[in-house]
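Reading through the structure tokens given below for one structure.
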Amino acid sequence: MTDIINTLFTSYDLVAALGIVALIMVVSYGFAKMIGQKRMGSAIAIIAGLVLAYIAGRYTGGENGLADVSLFAGIGLLGGGMLRDYAIISTAYGVDINNIKKAGLPGIVSLLIGVLFSFIVGAAMAALLGYTDPADITTIGGGAVTFVVGPVAGSALGASSEVIALSIAAGVVKSVLTMIITPFVAPIIKLDNPTSAMVYGGLIGTTSGVAGGLAATNAELVPYGAMTATFFTGLGSLLVPSIGYIIVNAIF
Amino acid sequence: MEIYGLGIVAFCMFVGSFIGRGIGNLLGISGNVGGVGFAMLILILLTNHFKKKEKPFSERTSKGILLLSSLYIPIVVAMSAKQNVVAAFEGGAVAFLAGGVATIGALLLVPLISKLTVKENNE
């Protein structure tokens, strides 16, 4: 009996994942309706996903949350980079080209400021907490940009694997925190129009955080934020190990 | 047909990612610099082009694209369920402060930069 169920879940892994996500969303949207906050449905579903990922990570000791439980392996495919990017691109359908043009300059400004700001904050925190090696400080600063930039900078500069792991953790904190708090701070930071969504994507930059945060706030803004965020990691990978390291090296 | 819509997005994804990876190669960093962004731009330009020519995508073709974009939030939920949340909690003070302060600070910069550019547009 359990064998049959196991076989079903592992051989139909993607279908199983679709079913599980549907279940998470039914419960989350039901809960949102119950507490009279219908708009919070996707935010609650995303937080539920994170909670399940935490429980699964504790239980399996793996790095991929629920996807490390063999019954739910399809979550890895459904929530992986391929389908995420495919679906993000499709959200651009129906976007008004004038909105993009209007936010072109703010988008570029926010990208440059976003990468520099996150890097400086991350590096300053590393220095405050006692790191003195410029390569370590640069790597942790890179992690505060995104969890891809940290390892890219760390391996280029020869940082230890412990510091690289820390930089990844810093990037994951950023991504998870963005998903959780964006819907709550959206009214305060006036995240309610295409221009501010593009600025938000350029400033925060973590693709998964921006995707989750905007989906939980207002799905119509997703394409604008995603568009700028997609340039962020590349720009960070370029600037942090080069200019970033030179600056840090000059100070320490 | 619906599959045409899926195919159009696939085409944009491949052309965009090709450009993104090409730029990555030119800059000497492994990876995809803005591939998804280029793909989105291509999709926007394509649809605007056909609209101007008075030949917009058929209803069934656009249904294919809309099916994909309606799967977007479920995919994000699956993505959140596969994050390494344990590592985020166990990264220690450095990870928390570096990632947390960078996030909150960047969020607070959003209205400032949006405002700056509104001014520029008015001038």
Side-chain angles (χ1 to χ4, degrees), chain A residues 21 24 42 45-46 49-50 52-54 57 63-67 75-76 78-79 83-93 95 97 106 110 118 121-122 125 129 140 144 166 169-170 172-174 176-178 185 189-190 195-196 199-200 203-204 208 211-212 215 227 230-231 234 237-238, chain B residues 9 12-13 16 24 27 29 31-37 39-40 43-44 47-48 62 65-66 68-69 71-103 105-111 113-114 117 120-121:
Chain A
V21 171
I24 296 176
S42 13
I46 288 165
L50 291 170
L52 290 173
Y54 180 81
E63 293 176 351
N64 300 312
L66 207 54
I75 291 281
L78 184 61
L83 287 177
R84 184 198 62 200
D85 290 351
Y86 192 40
I88 286 185
I89 294 166
S90 75
T91 62
Y93 184 63
V95 161
I97 198 158
S110 64
S118 292
V121 168
M125 291 300 153
L129 289 168
I140 294 171
L166 265 182
V172 175
V173 166
K174 185 178 187 186
V176 170
L177 194 64
T178 304
V185 298
I189 61 172
K190 302 204 174 66
T195 302
S196 63
V199 169
Y200 164 84
L203 281 172
I204 303 282
S208 41
M227 175 118 43
T230 165
F231 291 94
S237 308
L238 186 68
Chain B
V9 179
C12 295
M13 184 168 175
L27 297 173
I29 45 180
N32 191 337
V33 182
V36 173
M40 293 171 92
L43 181 60
I44 294 170
T47 44
N48 276 273
S62 75
I65 304 178
L66 294 176
L68 260 186
S69 57
L71 278 178
Y72 172 73
I73 289 181
I75 286 174
V76 167
V77 172
M79 178 193 79
S80 68
K82 63 160 281 201
Q83 298 292 313
N84 194 355
V85 184
V86 173
F89 273 107
E90 285 181 348
V94 179
F96 246 95
L97 282 174
V101 177
T103 307
L107 282 173
L108 294 177
L109 285 176
V110 171
I113 293 186
S114 307
T117 48
E120 272 174 23
N121 286 345

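Convention: sequence-line order gives letters A, B, ...; per-chain numbering from 1.
Of the possible polar contacts, one joining the B:Tyr72 side chain to the A:Ala211 backbone as a donor-acceptor pair under 3.5 Å is found. Side-chain atoms of A:Lys174 do not come within 3.5 Å of backbone N or O of B:Thr103 as any donor-acceptor pair.
For the set B:Ala98, B:Gly105, B:Pro111, B:Ala81, the count of heavy-atom pairs under 4.5 angstrom toward chain A peaks at B:Ala81. If you tally non-hydrogen atom pairs under 4.5 Å between each of A:Val21, A:Ile89, A:Val121 and chain B, the highest count goes to A:Ile89. When A:Glu63, A:Arg84, A:Lys190, A:Met227 are compared by the number of non-hydrogen pairs under 4.5 Å with chain B, A:Glu63 comes out ahead. Your options are A:Thr91, A:Leu83, A:Ile189, A:Ile204, and the one with the most heavy-atom pairs under 4.5 Å with chain B is A:Ile189. In terms of non-hydrogen atom pairs under 4.5 Å with chain B, the most contact-rich of A:Ala53, A:Ala87, A:Ser90 is A:Ser90. Chain B forms more heavy-atom pairs under 4.5 Å with one residue of A:Leu66, A:Leu50, A:Ile46 than with any other, namely A:Leu50.
Looking at B:Leu43, only its side chain comes within 4.5 Å of chain A, counting heavy atoms on both sides. Only the side chain of A:Leu129 comes within contact range of chain B, judged by heavy atoms closer than 4.5 Å. Using a 4.5 Å cut-off between heavy atoms, A:Leu52 makes no contact with chain B at all.
The two residues A:Tyr93 and B:Leu66 come nearest to each other via the heavy atoms CD2-CD2, 4.1 Å. When all heavy atoms of A:Val199 and A:Pro106 are compared, the closest pair comes out as CG2-CB, 3.8 Å. Closest non-hydrogen pair, B:Phe96 versus A:Val173, comes out as O-CG1, 4.1 Å. Minimum heavy-atom separation, A:Ala144 to A:Ala170: N-CB, 4.3 Å. Of all heavy-atom pairs between A:Tyr200 and B:Leu107, the closest is CE1-CD2, 3.5 Å.
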